[in-house]
Amino acid sequence: MKYQRIKGTQDILPEAEPYWAHVTSTVQALARRFGFEQISTPMFENTALFARGVGEDTDIVSKEMYTWLDRGKDGEQGESLTLRPEFTAGVMRAYIENGFASRPQPQKLYSVGPIFRREKPQKGRYRQFHQFNAEIIGSDDPVADFEILLLTHTLYRELGFKNLVFQINSTGDPECKPRYVAALKQYLLPYADKLAPTDRDRLERNPLRVLDSKERETLPYLSGAPHIVDYLNDDCKKHFDEVLSYLSAVDIPYQINHRLVRGLDYYTKTVFELWGEGLGAQAALCGGGRYDGLIELLGGAPTPGVGFATGIERIIMSMQDQGIEPPALARPQVFVAYLNEAAKLVAVKLVTDLRNAGVGARIAFGGRSLKAQMKDADRTGCRFALIIGEDELKTNSVILRDLGKSEQASVPMADLQTWVTNLIDVRTTPPQEEQPESAAEEAK
RNA sequence: GUGACCAUAGCUCAAUUGGCAGAGCAUCUGGUUGUGGCCCAGAAGGUUGCGGGUUCGAGUCCCGCUGGUCACCCCA
């Protein structure tokens, strides 16, 4: 066992494929149904993009990035590069760089792919994990916020989650946010020496973060804290109310969570999270919000935006915890077995014809006994076996065996085309009785 | 980054007060000529995570490292 996985990374095994295929295809189909287009940006960017876009003081930038110095020309030191710790900054860079401001606004873009954060791994937390990300760039209309919320809600609902409730709040804008922060600080200051040590620290550096503290000593003082919604200016207040009214209009439940503030610097106005079960301390299934100043910060024209990201692994883990089963994957329905070298040649042609006709087929490998081949046919869940032996070669026919019914018939090779045509229906029909075919499934 | 617990075959786990590393499942091959599931037999599979130490002798005791799990921090 010389080589092993890098800490915090994972091998996604075939057993997990039904979940991954289901979640990723659902996500993509849904994004397209909502009118989003896919954008795929590089997995690494200039370090400065993330430092600026995510915020120097965030945990992500200050201690969780995979950063290295690239090689420059003639042995000189190259630029500092970083594996993306989130999608948004890279998507914004692409928006600016590709002149998306000259396309019809707003632009609705989604991405799916790996994200890297150098954290200590635990349940539901990996150093390389996958996100589905969606952004609406170029509109400050509250209906854009609503679209993002509706997209996430629809996603989880269609995946089979029940009782979904958004945690939602507004963090105001650069005009009203500071007023609230001052008020919050003023309220907390008298209790400063009674707060948990970490929160005393936060009170100085980032008072907003005291709000979502989980420290026992701090909690009693938070209930009386001022609410940011009471400090919003007219614009932010109106925006927030509108978003909520749209949610109500389509009966999407939400809770205003006055203590919800998100860790990334760029959020303005709407912020939200959705919590899942079975994730231990990593309850957040997704998070998102509005980031009206971000594009300008990154060198573009002032452009509003709103978006969200969700973790694929966390979705799958939560599904498993709640017993939500993904649909079975389609797999080959026909197994071609043979008895000698001459028959093998016919089998090769046969399996090729089947596949060209759109029928999923497997061919036996190696000089194994027919018994071993049939066992393989059974284990791989095929519904039919085609067997070619000496007699079949002589009579130019094949044996077609129905593995479910344990019936078989000799079919002239000439008629096989008809059989194949009938089998094409089999291709599109999901497998009926699932045979337990792997150790992993039986072990469960 | 901090703390707690854990590490034996592909998987799930055994192994008396330190005394020859085992089972079930999975894998492969058979159970007479060319047929799957059930059953039976056999085979293969381990430097007990890695490296030190104590001891006549270490899977077992001690130390370090690596990895895993859970929690803190923060987040997906």
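The structure presented is a predicted model; accordingly, all values stated were derived computationally and were not measured. Just so it is clear: chains get the letters A, B, ... in the order the sequence lines come, proteins before strands, and each one is counted from 1.
Residue L400(A) contributes atom CG, which lies 15 Å from atom C1' of G36(B) at whole-angstrom precision. Rounded to an integer number of Å, the gap from CG of L13(A) to P of C11(B) is 11 Å. Whole-Å rounding puts the Q408(A) CD to G34(B) P distance at 15 Å. Taking atom CH2 of residue W20(A) and atom C1' of nucleotide A76(B), one finds them 11 Å apart after rounding to whole Å. The nearest whole Å value for the distance from the CG atom in L370(A) to the P atom in U35(B) is 6 Å. Separating the CG atom of D11(A) from the P atom of G67(B) is a distance of 15 Å, rounded to the nearest angstrom. Rounded to an integer number of Å, the gap from CD of E119(A) to C1' of G1(B) is 11 Å. In this entry the distance linking CD of Q167(A) with C1' of C75(B) reads 16 Å, nearest Å.
Applying the 4.0 Å criterion to OP1 and OP2 of A71(B), one finds that Q122(A) has a side-chain N or O inside that range. The side chain of K7(A) contributes an N or O atom lying less than 4.0 Å from OP1 or OP2 of G67(B). Between K123(A) and C70(B) there is a side-chain N or O to OP1 or OP2 distance below 4.0 Å. Contact between the side-chain N/O atoms of R379(A) and the OP1/OP2 oxygens of C28(B) is found at a separation under 4.0 Å. In this structure, R125(A) does not reach the A71(B) phosphate: none of its side-chain N or O atoms is under 4.0 Å from OP1 or OP2. OP1 or OP2 of C28(B) lies within a sub-4.0 Å distance of a side-chain N or O belonging to R368(A).
Nearest-nucleotide positions on RNA chain B place R118(A) closer to the 5' end than the other of G287(A) and R118(A). With the nearest nucleotide of RNA chain B identified for both G389(A) and A372(A), A372(A) has the one nearer the 5' end.
Comparing U66(B) with C25(B), their C1' atoms sit 29 Å apart, to the nearest whole Å. A7(B) and A14(B) have their C1' atoms separated by 16 Å, with the value rounded to a whole Å. Distance noted for atom P between U29(B) and G68(B): 36 Å (whole Å). Atom P of A44(B) sits at a distance of 15 Å from the matching atom of G10(B), rounded to the whole Å. Taking atom P on both G24(B) and G19(B), the two are 23 Å apart, rounded to the nearest angstrom. Straight-line distance between the C1' atoms of G3(B) and G49(B): roughly 22 Å, to the nearest whole Å. G1(B) sits 25 Å from U8(B) when the P atoms are compared, rounded to a whole Å.
When Watson-Crick and G-U wobble pairs are counted only if both distances are under 3.5 Å, G1(B) pairs with C72(B). Applying the Watson-Crick and G-U wobble criteria (two distances, each under 3.5 Å), U47(B) pairs with nothing in any strand. Pairing of C61(B), defined by two Watson-Crick or G-U wobble distances under 3.5 Å, is identified with G53(B). Checking U33(B) for Watson-Crick or G-U wobble geometry (two distances, each under 3.5 Å) identifies no partner in any strand. Across all strands shown, C38(B) remains unpaired; no Watson-Crick or G-U wobble contact has both distances below 3.5 Å.
The closest donor-acceptor contact from the side chain of E86(A) to the backbone of T88(A) lies under 3.5 Å.
Residue R355(A) qualifies as enclosed at atom CZ: its count of foreign heavy atoms under 6.0 Å is above 12. Annotation: L13(A), atom CG; neighbour count of heavy atoms from other residues, nucleotides and ligands within 6.0 Å is above 12.
G288(A) comes within 4.0 angstrom of no nucleic acid atom, judged by non-hydrogen atoms across all strands. E86(A) comes within contact range of no nucleotide atom at all, as no heavy-atom separation falls under 4.0 Å. Among the atoms of the strands shown, base atoms are found under 4.0 Å from some heavy atom of K371(A). Nucleic acid contact class of Y126(A) (heavy atoms, under 4.0 Å, all strands): base. Here E392(A) lies in heavy-atom contact (under 4.0 Å) with a base. Within the nucleic acid shown, I399(A) comes within 4.0 Å of at least one base atom, counting heavy atoms only. No contact: D376(A) has no heavy atom under 4.0 Å from any strand.
Put simply, the side chain of S369(A) and the base of G34(B) share no donor and acceptor less than 3.5 Å apart. Contact annotation: side chain of Q373(A) to base of G34(B), donor-acceptor pair absent below 3.5 Å. Donor-acceptor pairing under 3.5 Å, judged by distance alone, is absent between the side chain of R5(A) and the base of G67(B). Residue K120(A) places a side-chain atom within donor-acceptor reach of the base of U2(B), judged by atom type and a 3.5 Å distance cut-off alone.
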query: For D376(A) and R368(A), what are the C-alpha separation, side-chain angles and deciding distance, and is it a side chain to side chain contact (heavy atoms under 4.5 Å, CB included)?
result: CA-CA 10 Å; D376(A) 222 26; R368(A) 308 179 74 190; 4.1 Å; yes

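H239(A) and D173(A) share no side-chain donor-acceptor pair at under 3.5 Å. A side-chain donor from one of T310(A) and Y156(A) sits under 3.5 Å from a side-chain acceptor of the other.
With rounding to the nearest 0.5 angstrom, the CD1 atom of I60(A) is 10.5 Å from the CZ atom of F50(A).
Classified by interplanar angle (parallel below 30°, tilted 30° to 60°, perpendicular above 60°), the ring pair H258(A)/H227(A) is parallel.
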